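Worksheet: the structure to be examined is printed underneath.
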Amino acid sequence: MTTFADLGLSQKVLSAVTDSGYTTPTPIQAGAIPPALARRDILGIAQTGTGKTASFVLPMLTLLEKGRARARMPRTLILEPTRELAAQVAENFEKYGKNHKLNVALLIGGVSFDEQDRKLERGADVLICTPGRLLDHCERGKLLMTGVEILVIDEADRMLDMGFIPDIERIAKLIPFTRQTLFFSATMPPEIQKLADRFLQNPERIEVAPPSSTAKTVTQRFVATHSKDYEKRATLRDLIRAQDDLKNAIIFCNRKVDVADLFRSLDRHGFSVGALHGDMDQRARTTMLANFKENKLTLLVASDVAARGLDIPDVSHVFNFDVPIHAEDYVHRIGRTGRAGRSGAAFTLVSKRDGKFVDAIEKLIDQKVEWLSGGIEDLPPVAESEERERPRNGRDRGGRDRDRDRSRGRNKGEARATETRTETVEIEEKVEAVKAERKAEGRPQNNPARNPRAANHAAPRPANDDNRDRRNRYRRDEDDGPTPLGFGDEIPAFMLIAGKA
DNA sequence: AAAAAAC
């Protein structure tokens with residue numbers, strides 16, 4: 001059997017791989033590493049979860065040992081479609097490059113330029129980027145890419161979906177054409193093939209089957225639900241509570257606003273929950289993902305930003321709050337669980353209007369998905385009592401609901417979750433408290449604009465700092481019951497936050 | 001019916 005030692009990797013790389021506990025390469029690694037080391041172009045058709053990242057990181061590290069470093073010139077460039085994926089690849093570089101003295105620069109949007117600029121000035125050997133920020137650096141004249149020897153285009157099909165191809169073409173023009181190019185895509189539709197033909201010279205083509213673990217180790221179920229948002233939220237809560245082997249879960253919504261809404265709803269119901277979508281500020285995204293990975297959060301409500309490629313080894317459950325509009329997304333989403341041979345469960349809430357999407361999914365995965373308990377036709381009619389059960393005053397709702405849940409002895413994890421509310425909320429509450437106190441004392445608030453140094457000492461920004469989120473945070477949920485007298489849909493801004501104009 | 005990415 002092939003081992004990593006047979007592939008021609010350097011001692012430094014091999015020892016880091018061994019330290020990580022790996023002995024046997026995956027098919028994509030065994031197929032791509034030897035030709036990559038021989039300076040061949042690579043066309044890798046592989047999904048995430050196949051060990052794809054290591055299949056380019058390991059040979060790149062070995063090749064970087066051979067050439068000579070040119071002053072302040074990056075020698076390798078990796079392009080990723082999302083910031084989280086870029087960060088994940090950077091982590092891999094640190095892990096497998098621990099015996100190397102390489103400077104890795106992560107150039108992604110949503111964070112300040114300063115630190116990235118400093119890294120570039122010190123001289124970075126490896127750039128790991130999202131396209132927009134990289135081009136921004138280039139346009140500012142801070143970055144010369146004429147020394148790049150290896151270009152990696154990862155997740156090419158997704159780059160295409162996201163409209164990144166023009167950016168990729170521009171970037172490719174800034175790099176010598178004598179470069180070696182490693183090109184990866186999960187699928188090979190004609191557009192991608194054309195793209196590959198343009199970017200690659202006589203590539204070695206390696207195609208690996210999608211990880212079969214998805215189909216084999218993930219238990220998939222459809223769950224019938226009424227279609228109103230609050231009904232779906234209730235269905236979801238019952239479903240989560242009914243799981244006795246739930247370790248952690250990602251809950252996917254189709255839209256960012258729904259991620260925000262569902263996050264707040266679950267949080268108010270006392271679940272240990274975080275959120276992840278592209279309109280959140282980068283700090284919040286990073287924190288949320290880190291906390292989820294470290295099991296400080298049990299649930300992560302996410303948009304499809306988290307559907308592909310994110311490597312969280314241990315997700316026990318995936319819930320689709322919304323049926324994905326594109327069937328491929330379903331495959332990517334449920335692929336977040338059942339990884340590395342572990343078992344996983346994937347539940348998809350389905351309401352009447354989702355019929356055709358459900359059909360498309362079953363067609364794509366070529367199997368029928370069982371219903372958890374009866375189909376949509378078997379749903380009991382909307383219970384009027386449920387309407388009445390909802391509290392009159394939305395403000396008291398969270399506490400009362402939790403008490404009710406507790407007295408029913410419903411959930412073990414949930415009471416604990418009540419105490420460990422998400423850090424986001426805690427941070428935000430702290431910030432508001434400090435601000436309110438200042439205002440009460442009549443002291444001026446920190447104004448970073450007036451006093452730039454104050455910014456460094458200011459209270460931490462709320463983790464979930466997106467303006468839209470902030471407004472929505474105080475907008476009342478549909479399941480909060482009737483609006484209190486005297487307020488419209490929105491509680492007046494002055495009652496909410498001191499400061500924010 | 002969406003999401004993602006630069007300011």
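Order of the sequence lines fixes the chain letters, A, B, ..., with proteins taken first and strands second; residue numbering starts at 1 for each chain. Keep in mind that this is a model prediction, so the values were computed, not measured.
Across dA4(B), dA5(B), dA1(B), the shortest atom-to-atom separation from the side chain of T130(A) is found for dA5(B). Side-chain atoms of D329(A) lie closest to dA2(B) of the nucleotides dA2(B), dA1(B), dA5(B). In the set dA1(B), dA4(B), dA2(B), the nucleotide with an atom closest to the side chain of H326(A) is dA2(B). Each of dA2(B), dA1(B), dA4(B) was ranked by its minimum atom distance to the side chain of D354(A); first place goes to dA1(B). Side-chain proximity of I325(A) to the nucleotides dA3(B), dA2(B), dA6(B) is greatest for dA2(B). Closest approach to the V305(A) side chain among dA1(B), dA6(B), dA4(B) is made by dA4(B) (side chain taken as heavy atoms from C-beta onward). Set against dA6(B), dA1(B), dA4(B), the side chain of T82(A) has dA4(B) as its closest nucleotide.
OP1 or OP2 of dA4(B) sits under 4.0 Å from a side-chain N or O of K256(A). Phosphate proximity of dA5(B) to R285(A): present, with a side-chain N or O under 4.0 Å from OP1 or OP2. For dA6(B), the OP1/OP2 oxygens have a side-chain nitrogen or oxygen of R83(A) closer than 4.0 Å. Residue S303(A) has no polar side-chain atom (N or O) positioned under 4.0 Å from OP1 or OP2 of dA2(B).
If you take CD of E84(A) and C1' of dA4(B), they are 10 Å apart, rounded to a whole angstrom. As rounded to whole Å, 13 Å separates atom P of dA5(B) from atom CG of L106(A). Between the CD1 atom of I108(A) and the C1' atom of dA4(B) there is a distance of 14 Å, given to the nearest Å. Across the protein-nucleic acid pair, L160(A) atom CG and dA4(B) atom C1' stand 13 Å apart, rounded to whole Å. If you take CG of L107(A) and P of dA5(B), they are 15 Å apart, rounded to a whole angstrom. In this structure, the CD atom of E155(A) is 13 Å from the P atom of dA5(B), given to the nearest Å. Nucleotide dA3(B) holds its P atom 21 Å from the OH atom of Y330(A), rounded to whole Å. R333(A) has its CZ atom 13 Å from the P atom of dA2(B), to the nearest Å.
In summary, E370(A) and R221(A) engage in a salt bridge, as defined by a charged side-chain N under 4.0 Å from a carboxylate O. With respect to the salt-bridge test (charged N to carboxylate O, under 4.0 angstrom), the residues E155(A) and K52(A) qualify. In summary, R255(A) and D258(A) engage in a salt bridge, as defined by a charged side-chain N under 4.0 Å from a carboxylate O.
Residue-level contact check: D136(A) touches the bases, meaning some heavy atom is under 4.0 Å from a base atom. Using a 4.0 Å heavy-atom cutoff across all strands shown, G163(A) reaches no nucleic acid atom at all. Nucleic acid contact for D322(A): none, since no nucleic acid atom lies under 4.0 Å from a heavy atom of the residue. Counting any heavy atom pair closer than 4.0 Å across all strands shown, D167(A) reaches no nucleic acid atom.
The aromatic rings of F347(A) and F319(A) sit parallel, their planes meeting at an angle under 30°, below the 60° perpendicular limit.
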Take Q193(A) and D197(A), measure what side chain to side chain donor-acceptor pair (under 3.5 Å) needs, and give me the verdict at the end.
CA-CA 6 Å; Q193(A) 185 60 57; D197(A) 293 342; 3.1 Å; yes

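Residue E169(A) qualifies as enclosed at atom CD: its count of foreign heavy atoms under 6.0 Å is above 12.
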